[in-house]
Amino acid sequence: MEAAYDPQRVESEWYSRWEAAGVFAPEINPDGEPFCIVIPPPNVTGSLHMGHALDLSIQDVIIRRKRMQGYAALWLPGTDHAGIATQIVVERELAEEGVDREELGREQFIEQVWAWKAKFGGRITEQMRRLGFSTDWSRERFTMDEGLSEAVKKVFVDLYDADLIYRGNRIINWCPRDRTAISDVEVIHEDETGELVHILYPFTDGPGGIEVATTRVESMLGDTGVAVHPDDERYSGVVGRSVTLPLVGREVPIVADDAVDSDFGTGAVKVTPGHDLLDFEIGQRHGLEAILILDEGGAINENGGSFAGLDRMDARTAVKAALQAEGAVVRVEEHLYSVGHCQRCDTIVEPYLSDQWFVRVGPLVGPAIEAVRSGDIRFSPQRWEKTYFHWMENLRDWTISRQIWWGHRIPAWYCDECGETIVAVAAPRRCQCGSTSLRQDEDVLDTWFSSGLFPFSALGWPEDTDDYRAFYPNSVLVTGYDIISFWVARMIKLGLYFTGAKPFADVVIHGMLRAEDGRKMSKSVGNTVDPLVVVEEHGADALRLALMQAASPGQDIPFSEEWVEAARRFGNKLWNAVRFGLRHIAPGSVPADGGYPERPGPEEAWILSRLYDTVGRVDELLDEFRFSDAYGLLYNFAWSEMFDWFLEMSKAPLRRGDTSIGETVGVVLRDVLKLFHPAIPYVTEELWSELVGDGYIASTSWPRPPKTDGPADFESLRTLIVGIRRFRAEHGLSPRRELEVGLYDPDGAAAEWWNDQFESLAAVAPVPLSEPPSGAPHARVVAGQVQAFISLEGVVDVDAERERLARAIAELEASLAQSDKKLGNPQFVEKAPRDVVAKEEEKADASRARLEKLEAQLAELR
RNA sequence: GGGCGCUUAGCUCAGGGGGAGAGCGCUUCCUUGACGCGGAAGAGGUCCGGGGUUCAAAUCCCCGAGCGCCCACCA
């Protein structure tokens with residue numbers, strides 16, 4: 001075995017061997033009970049970021065453990081066509097070559113995107129391989145695959161037939177840069193300080209006027225009314241009258257509507273039905289015309305008169321100036337309000353009246369809420385259910401059409417002759433009116449429409465495939481809280497509606513990875529950390545273990561390279577522990593499972609009992625998706641107990657040629673490798689090949705050590721050894737300095753095996769005493785009934801030891817005083833549980849006994 | 001306007017009614033044949049503040065402060 005741990009070397013070969021051996025591809029029969037996770041499909045043109053690394057590391061830990069536990073464990077990978085995001089990327093690329101999308105035309109452009117996908121679509125999946133994720137690539141899916149596209153069409157047509165999809169002329173969010181509609185969840189609201197401009201609209205039929213206020217002054221070009229609250233006495237006389245718009249000259253009515261908030265501003269609101277949702281609704285109720293004043297690129301159109309051609313932001317300035325020139329501006333004040341930005345390109349979005357397709361979500365919401373409320377689907381941590389409910393209960397219809405080219409084209413055709421709309425899976429040849437002049441809708445579907453089907457469409461639905469039958473519903477879904485509304489909620493709604501079953505049983509929500517300073521990682525701030533760079537430096541195992549240790553459920557994580565370094569040191573430690581083992585055990589001699597000694601020696605019994613306990617607790621924690629707790633516990637077991645104590649304790653027996661303890665070293669090391677394998681697959685596989693050499697750790701069984709009772713006197717031994725070490729440290733004695741130590745043991749608890757350990761761990765050879773020594777001064781280390789007496793003669797200054805003792809006595813007295821106070825409280829003795837009281841009594845007794853001995857010793861030293 | 005989260009060691013964070021923890025950093029010692037990417041022994045904490053419940057509160061409840069996030073038709 002290589003002397004030094006080199007992550008890059010260790011991580012270079014295993015992945016292709018796992019893949020070639022089909023380790024990640026489950027057989028439905030007879031491998032066992034199915035267990036399935038589908039990946040949140042990343043953008044096909046993207047590259048792996050830290051968030052992916054966290055998300056996928058969690059999934060790999062879950063799936064690798066389940067696989068080891070004997071489940072037919074499927075982790076299904078895939079990528080998302082990511083409509084707008086991908087189109088933007090390809091457009092930008094073409095623009096650099098001087099090619100314009102419009103010039104190219106739709107078909108050619110789409111060809112270009114497919115070419116782009118062919119060229120770069122493998123990048124992110126290669127990166128996933130580098131990180132060691134055990135997805136079954138033989139089942140890889142792409143959201144625009146033929147099968148998945150069929151599923152999309154079927155879902156669209158079925159929802160249309162059920163009147164759950166409709167086309168309508170509504171106010172939607174429009175991104176002028178991307179020139180498409182986007183859904184509510186794709187709008188990011190940010191608070192910004194702008195101007196609230198108060199304008200006086202003069203009455204048409206007389207003097208005076210009505211004052212309105214707006215943050216988007218240019219929208220007044222499209223005003224077709226003014227609204228006030230019906231109960232607002234200030235305006236009771238003006239409802240029914242009309243005002244004349246400055247600049248525009250249009251005469252518009254004053255209406256009364258409940259939606260108006262009398263307490264805001266002047267209590268009168270200008271109504272722009274074409275560019276505001278509330279105004280649209282008011283307009284509908286009062287028959288006000290909706291006038292569009294913006295074109296698709298966000299510039300003022302011909303309805304804006306002399307302002308036509310100006311970008312909306314320039315128009316804002318120009319219209320305000322023109323109004324001021326007319327004296328129509330009453331005042332201008334600063335105003336904090338929230339502005340919607342496009343999630344993809346950060347452009348300010350506009351409310352925009354347009355023809356779009358919508359999913360009527362109302363009827364889908366009830367079952368989706370019930371599935372979570374009843375516990376059929378569980379969120380973990382549970383508090384994220386609140387977010388889910390809150391979002392579900394406040395839903396508006398989902399805008400699903402996008403005015404872009406890359407995506408699933410809407411399966412709707414319009415007849416040129418009669419205007420009929422035909423929605424069908426296959427392109428219709430002729431209309432019912434007989435016409436063959438049919439045009440397909442130009443729009444494509446929101447990307448999330450297809451990803452919302454992924455848990456079942458990726459398994460072959462609507463075909464009744466073996467995979468669908470075996471792996472649906474999925475077992476677990478792992479994702480960040482940022483896409484609960486985009487994705488999780490929609491999968492639940494659509495899954496329940498179309499399959500009649502929940503899409504998954506557990507939803508594991510993790511936090512966002514942040515930069516070291518706690519801020520969001522963002523390309524524009526320039527504080528992103530590329531996981532592949534980290535992997536190159538420290539290895540995939542180190543990054544993965546660091547993420548798992550930091551992944552406190554549902555909580556954001558500031559990324560810190562220090563953690564990765566620490567995790568890599570753990571890999572190094574593990575490496576060297578196995579290297580130590582192999583000095584005493586023949587390579588390949590450790591069985592792949594079992595092999596626990598039937599009559600373990602005391603050191604072995606201790607570590608086996610600790611192993612048993614650790615496996616039990618780790619299993620509980622992992623079943624509850626508490627990854628950081630589980631790996632924290634494992635880390636401490638491996639390092640503090642297995643390596644620092646047991647391996648050290650094994651040295652003396654091994655030197656004597658004790659083969660039994662060698663077997664135990666091998667078996668426990670093997671189980672440590674197994675327990676860590678889901679998090680750090682590479683180094684554990686490499687070490688497995690050295691230690692066990694049989695098959696792959698990736699497809700072996702999860703540890704199941706037998707229940708073993710550790711030796712009752714282990715803690716006494718440990719106390720004495722630590723005490724002697726401490727004695728040396730506090731007196732500045734070299735670890736090599738010989739000490740005369742006598743061991744007084746009235747109960748005979750100090751067995752023979754202790755001698756080895758004293759020699760090995762404390763570098764002393766204790767002499768058994770039949771009674772406590774008298775005369776010459778001694779330091780004393782007390783562990784229950786057993787006491788170690790360290791001769792002070794010629795070793796340390798008696799004064800120094802006296803001081804040391806005095807400090808120990810003071811500490812002990814303080815703790816004893818606390819115990820006595822508790823035990824002296826009758827309320828405590830009566831009301832506290834018996835075991836708590838008993839424990840406290842034990843503690844007090846032990847302290848008292850120890851104190852007595854220390855005081856006796858102090859007296860001896862005078 | 002509504003909701004959620006966080007506040008614990010110098011730093012970054014776990015924990016969650018009865019012994020205050022980890023990593024990193026810090027101090028002292030150690031060239032023992034697994035590992036100095038290591039070992040041993042330590043120092044360091046009014047668990048944000050104030051009330052309450054309880055025999056017992058860092059932990060549960062209420063109030064407050066600071067920070068962060070999400071949602072909302074904030075003209």
Side-chain angles (χ1 to χ4, degrees), chain A residues 3-5 171 185 189 191 196-198 212-216 219 226-227 259-261 264-272 276-282 335-338 351 383-384 386-387 390-391 394 396 481-482 484-485 511-512 514 516 518-520 546 549-550 552 554-560 562-563 565-584 626 628-629 632 635-636 643-644 647-648 651 722 725-730 732-736 760-763 815 818-819 822 825-833 835-837 839-840 843:
Chain A
Y5 170 49
I171 296 281
V185 289
H189 292 276
D191 282 350
L196 187 64
V197 179
H198 292 254
V212 295
T214 178
T215 52
R216 294 181 293 152
S219 70
V226 170
V260 177
D261 177 4
F264 190 95
T266 61
V269 58
K270 57 190 271 312
V271 182
T272 321
D276 186 278
L277 181 65
L278 184 71
D279 292 5
F280 175 74
E281 289 168 355
I282 293 173
H335 184 62
L336 185 73
Y337 66 119
S338 102
R383 66 188 156 81
W384 287 109
K386 278 188 203 161
T387 307
H390 181 257
W391 189 77
N394 294 289
R396 288 209 300 267
Y481 59 74
D482 57 331
I484 292 176
S485 55
M512 299 293 110
R514 294 174 165 275
E516 197 145 12
R519 290 189 299 174
K520 266 185 188 167
Q549 288 179 313
S552 190
Q555 217 58 36
D556 286 355
I557 305 162
F559 177 80
S560 164
E562 274 178 8
W563 293 34
E565 283 163 12
R568 194 185 55 144
R569 264 176 250 138
F570 179 80
N572 187 60
K573 186 75 181 175
L574 191 59
W575 181 273
N576 283 297
V578 170
R579 204 152 73 99
F580 165 78
L582 286 170
R583 294 171 66 90
H584 303 283
R626 293 171 58 177
S628 63
D629 290 338
Y635 184 95
N636 282 321
F643 303 155
D644 286 348
L647 287 190
E648 291 305 321
K651 284 179 178 174
V722 170
R725 286 169 173 172
R726 188 172 175 175
F727 175 84
R728 280 188 202 274
E730 289 186 343
L733 300 174
S734 149
R736 304 182 119 192
S760 179
L761 302 177
S815 126
Q818 269 199 326
S819 289
K822 265 192 183 177
N825 179 355
Q827 305 266 47
F828 171 74
V829 180
E830 272 170 44
K831 295 195 175 174
D835 58 316
V836 171
V837 177
K839 212 169 142 192
E840 199 60 46
K843 192 175 138 193

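A note on names: the letters A, B, ... follow the listed sequences, proteins ahead of strands, and every chain is numbered from 1. Note that this is a predicted model, so its numbers are computed, not measured.
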I want to check something: taking the side chain as every heavy atom from C-beta on, are [X] and [Y] in contact at a cut-off of under 4.5 Å?
| X | Y | result |
| --- | --- | --- |
| Leu277(A) | Arg396(A) | yes |
| Phe828(A) | Val836(A) | yes |
| Phe559(A) | Arg514(A) | no |
| Ile171(A) | Asp276(A) | no |
| Asn825(A) | Lys831(A) | no |

When all nucleic acid strands are considered with a 4.0 Å heavy-atom cut-off, which category describes [X]: base, sugar-phosphate, or nothing?
| X | answer |
| --- | --- |
| Val212(A) | nothing |
| Pro826(A) | nothing |
| Arg728(A) | nothing |
| Arg626(A) | sugar-phosphate |
| Asp279(A) | nothing |
| Leu336(A) | base |
| Ser815(A) | nothing |
| Ser338(A) | base |

Nearest whole angstrom, please: distance from the [atom2] of [N] to the [atom1] of [X].
| X | N | atom1 | atom2 | answer |
| --- | --- | --- | --- | --- |
| Arg568(A) | C37(B) | CZ | P | 10 Å |
| Asp482(A) | G5(B) | CG | C1' | 15 Å |
| Arg726(A) | A43(B) | CZ | C1' | 12 Å |
| Glu562(A) | U12(B) | CD | P | 11 Å |

Nearest to the [X] side chain among [options], which nucleotide is it?
| X | options | result |
| --- | --- | --- |
| Lys822(A) | G5(B), G68(B), G19(B) | G19(B) |
| Gln555(A) | A14(B), C55(B), G68(B) | A14(B) |
| Phe828(A) | G18(B), C73(B), C35(B) | G18(B) |
| Leu277(A) | C73(B), C55(B), G68(B) | C73(B) |

Determine the interatomic distance between [atom1] on [N] and the same-named atom on [M]; round to the nearest Å.
| N | M | atom1 | result |
| --- | --- | --- | --- |
| A58(B) | C47(B) | P | 7 Å |
| A72(B) | G15(B) | P | 30 Å |
| C69(B) | G52(B) | C1' | 30 Å |
| G49(B) | G44(B) | C1' | 23 Å |
| G68(B) | A9(B) | C1' | 23 Å |
| C48(B) | G17(B) | P | 16 Å |
| A40(B) | G23(B) | P | 12 Å |
| G18(B) | U54(B) | C1' | 12 Å |

Regarding Ser219(A) and Lys270(A), do their side chains bring together a donor and an acceptor under 3.5 Å, going by distance alone?
yes
Before you tell me yes or no, could you show the steps for Ser819(A) and Glu840(A) under side chain to side chain donor-acceptor pair (under 3.5 Å), namely the whole-Å CA-CA distance, both residues' side-chain angles and the distance that decides it to 0.1 Å?
CA-CA 7 Å; Ser819(A) 289; Glu840(A) 199 60 46; 2.9 Å; yes
By nearest nucleotide on RNA chain B, pick out whichever of Ala227(A) and Phe570(A) is the more 5' one.
Phe570(A)
Report the residue (Gly518(A) or Lys843(A)) whose heavy-atom-nearest nucleotide on RNA chain B is the more 5′ of the two.
Gly518(A)
Going 5' to 3' through nucleotides 26-34 of chain B, assign each nucleotide B (protein heavy atom under 4.0 Å from a base atom), S (under 4.0 Å only from sugar-phosphate atoms) or - (no protein heavy atom that close).
-------BB
When you look at Asn576(A) and Arg579(A), which way does the side chain to side chain donor-acceptor pair (under 3.5 Å) test go after all the steps?
CA-CA 5 Å; Asn576(A) 283 297; Arg579(A) 204 152 73 99; 3.2 Å; yes
Can you tell me if the side-chain N/O atoms of [X] get under 4.0 Å from OP1 or OP2 in [N]?
| X | N | value |
| --- | --- | --- |
| Lys520(A) | C70(B) | yes |
| Arg569(A) | C24(B) | yes |
| Ser552(A) | G15(B) | yes |
| Arg725(A) | A41(B) | yes |

Which atom names give the shortest non-hydrogen contact between Met512(A) and Asp556(A), and what distance separates them?
N-OD1, 2.8 Å
Looking at every heavy atom in both Tyr5(A) and Arg568(A), which two are closest together, and how far apart are they?
CE2-O, 3.9 Å
Give each stem of RNA chain B as a range with a range, requiring at least 3 consecutive Watson-Crick or G-U wobble pairs whose two distances are under 3.5 Å.
B:1-7 with B:65-71, B:10-13 with B:21-24, B:26-30 with B:38-42, B:48-52 with B:60-64
Does Lys651(A) qualify as a cation-pi partner of Phe580(A), given the criterion of NZ or CZ under 6.0 Å from the six-membered ring centre and within 45 degrees of its axis?
yes
Can you name the residues that form a ring-ring contact (aromatic ring centres under 6.0 Å, His included) with His335(A), not counting sequence neighbours?
Tyr337(A)
